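Because the structure is predicted, anything quoted here is derived from the model rather than measured.
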Amino acid sequence: MVLERQKTYMVLNYSSSPVSLSTRERSYLLEGGTRDHPAVIPMTIDEIGTANTNGCAFKYGLAWFEKDFEEAIYEDIRLTNWRDILRDEQIEDIILHPTKEGLEKIVAINHEIYFNRVYGVYMGLKSVFAEISPRVELVIEQRRDELKANQRKTEIVISKPTPKVGTTGEDVEDLKARLAKMEELLSKQAVAQEVKSVESKPETNATNKPKGRPTSKT
């Protein structure tokens with residue numbers, strides 16, 4: 001897509017915190033917004049390029065572009081890794097549904113301004129009493145302490161969680177098979193016991209006379 005240099009393109013802020021953008025001739029204050037209703041200001045491509053050179057709003061996901069133009073704009077301002085920039089909803093998903101890969105993305109963040117977005121989402125979830133794993137809380141707090149100490153490369157190692165026994169599909173099917181065999185065995189044992197019981201009973205004959213001396217005839 002070819003961008004028009006004189007045309008203005010919408011710059012969006014989905015966060016509640018305002019964002020400052022500085023160009024050659026003026027400075028913009030992009031008010032805070034929400035995910036459903038982002039704050040918006042129009043800027044030309046040259047202004048966007050200068051604001052990117054002067055600051056880190058686009059680099060660290062403080063401000064975004066319209067979906068229809070974002071790829072072309074990021075290419076124009078030479079942000080080649082823009083697809084790796086975490087959006088707030090992605091950060092929230094990592095915190096609430098942690099995976100090894102997701103947490104590794106969190107601890108790989110090496111700039112405090114960028115990580116402040118992660119911490120802001122984290123504190124927002126805590127304020128509404130969202131269920132957050134203690135493991136995730138520890139990772140976020142430790143990485144925040146590292147960045148405050150200017151430690152850009154983390155020493156946090158994310159281990160893969162141990163899967164719970166009996167939760168996989170294979171485990172369930174194996175358990176079903178074992179139960180079926182047990183039921184079959186119990187059924188056979190019950191039949192065998194019944195047959196044995198019948199065979200051990202004494203035979204009775206209604207015509208048998210009681211034993212004793214025969215009665216004498218007079």
Side-chain angles (χ1 to χ4, degrees), residues 10-21 30-40 52 55-71 73-74 79-175:
M10 296 299 106
V11 178
L12 302 88
N13 179 14
Y14 294 95
S15 172
S16 58
S17 302
V19 178
S20 178
L21 300 168
L30 181 55
E31 298 290 343
T34 66
R35 295 184 196 178
D36 295 327
H37 302 286
V40 179
N52 182 59
C56 56
F58 306 123
K59 198 179 300 180
Y60 298 138
L62 303 176
W64 304 85
F65 309 112
E66 295 175 279
K67 292 285 186 184
D68 293 342
F69 304 104
E70 62 179 1
E71 184 172 0
I73 294 174
Y74 281 120
L79 278 182
T80 56
N81 68 331
W82 64 275
R83 288 186 176 85
D84 297 328
I85 303 172
L86 295 174
R87 295 180 178 269
D88 284 1
E89 55 268 29
Q90 292 175 299
I91 295 171
E92 183 177 295
D93 185 64
I94 291 172
I95 293 173
L96 295 178
H97 309 100
T99 62
K100 182 177 186 294
E101 293 74 17
L103 292 176
E104 283 176 342
K105 290 179 181 179
I106 294 293
V107 299
I109 294 173
N110 60 8
H111 198 286
E112 195 169 2
I113 292 177
Y114 189 177
F115 195 82
N116 283 342
R117 288 186 49 231
V118 174
Y119 201 77
V121 173
Y122 164 67
M123 292 304 296
L125 290 170
K126 285 182 70 71
S127 70
V128 295
F129 305 103
E131 187 175 346
I132 303 174
S133 163
R135 175 171 174 256
V136 173
E137 292 189 353
L138 184 62
V139 167
I140 292 175
E141 294 291 351
Q142 285 186 341
R143 184 56 183 144
R144 185 170 184 246
D145 290 342
E146 284 183 337
L147 290 170
K148 281 186 174 181
N150 294 320
Q151 185 175 334
R152 292 174 63 85
K153 187 175 181 180
T154 186
E155 293 181 357
I156 301 170
V157 178
I158 307 296
S159 59
K160 201 164 187 177
T162 305
K164 294 181 179 179
V165 177
T167 57
T168 66
E170 291 182 0
D171 292 330
V172 172
E173 291 303 319
D174 181 61
L175 182 59

Could you tell me which non-hydrogen atom of [X] sits nearest to which non-hydrogen atom of [Y], and how far apart they are?
X    : Y    : answer
L12  : P38  : CD2-CG, 3.6 Å
E31  : A39  : O-CB, 2.8 Å
S127 : G124 : OG-O, 2.6 Å
H111 : I113 : ND1-N, 3.1 Å
V11  : A63  : CG1-CB, 3.9 Å
A57  : V19  : CB-CG1, 3.8 Å

Stepwise salt bridge (charged side-chain N to carboxylate O under 4.0 Å, His left out) test for K105 and E101: CA-CA 7 Å; K105 290 179 181 179; E101 293 74 17; over 6 Å; no

Interatomic distance, [X] atom [atom1] to [Y] atom [atom2] [nearest 0.5 angstrom]:
X    : Y    : atom1 : atom2 : answer
E92  : H97  : CD    : NE2   : 9.0 Å
E104 : I158 : CD    : CD1   : 6.5 Å
E112 : R144 : CD    : CZ    : 7.5 Å
K59  : Y114 : NZ    : OH    : 12.5 Å
Y122 : E141 : OH    : CD    : 4.5 Å
D88  : W64  : CG    : CH2   : 8.0 Å

Does the side chain of [X] reach to within under 4.5 Å of the side chain of [Y], using non-hydrogen atoms?
X    : Y    : value
L103 : R135 : yes
E155 : Q142 : no
I140 : I95  : yes
R143 : N110 : yes
I109 : Y60  : no

Would you sort out whether I94 and T99 count as a side-chain contact (heavy atoms from CB on, under 4.5 Å), showing the intermediate values? CA-CA 7 Å; I94 291 172; T99 62; over 6 Å; no

Chi angles and distances behind the side-chain contact (heavy atoms from CB on, under 4.5 Å) call for W82, I73: CA-CA 10 Å; W82 64 275; I73 294 174; over 6 Å; no

Walk me through it: do I106 and L86 pass the test side-chain contact (heavy atoms from CB on, under 4.5 Å)? CA-CA 9 Å; I106 294 293; L86 295 174; 4.2 Å; yes

Check against salt bridge (charged side-chain N to carboxylate O under 4.0 Å, His left out), E70 and R87: CA-CA 14 Å; E70 62 179 1; R87 295 180 178 269; 3.2 Å; yes

In terms of relative ring orientation, are F65 and Y74 parallel, tilted or perpendicular, with 30° and 60° separating the classes? perpendicular

